[in-house]
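Encoded as structure tokens, the structure appears first; notes follow it.
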Amino acid sequence: MTSKFKNRPNVHYVGIGTSMGANLMMRVAGEQGDNFPLDAMVSFNNPFDIWLSINLMRNTPYEKFLAREMRKNIMFRPKTSEEERKIFE
């Protein structure tokens, strides 16, 4: 990421993240400290406490919607067993 920014020294970069993307951006910024290449960040709908967020979603319509959407994007390994496949159906 740093290599993309070094060619333009007079440009300021801002990161914008939503949901888990915002969480990841904030975490990496915290870990890298002064080495983080962005000058500012905007974080929307960030689940700062991921375990609290997961537990608050349990048994809600959103949890079912999220599970259904995630199933659409799952790529099965070539040697996925029938038992493993049934878990996600």
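Side-chain atoms are counted along with the backbone in the values below, which use heavy atoms only and exclude waters and symmetry mates.
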Between the main-chain N or O of [Y] and the side-chain N or O of [X], is there a donor-acceptor pair closer than 3.5 Å?
X: T60; Y: E63; answer: yes
X: N23; Y: P47; answer: yes
X: D39; Y: Y13; answer: yes

- Item | F48 CZ to R27 CZ distance, which is reported to the nearest 0.5 Å | 13.5 Å
- Task: Drop me the distance from N45's CG to M20's CE, to the nearest 0.5 angstrom.
- Result: 11.5 Å
Hydrophobic clustering (ILVMFWY, side-chain heavy atoms < 4.5 Å, transitive) - are [Y] and [X] grouped together?
X: L56; Y: I54; result: no
X: V28; Y: V42; result: no
X: V14; Y: F44; result: yes

- Is the shortest heavy-atom distance from the side chain of N46 to the side chain of M25 under 4.5 Å? no
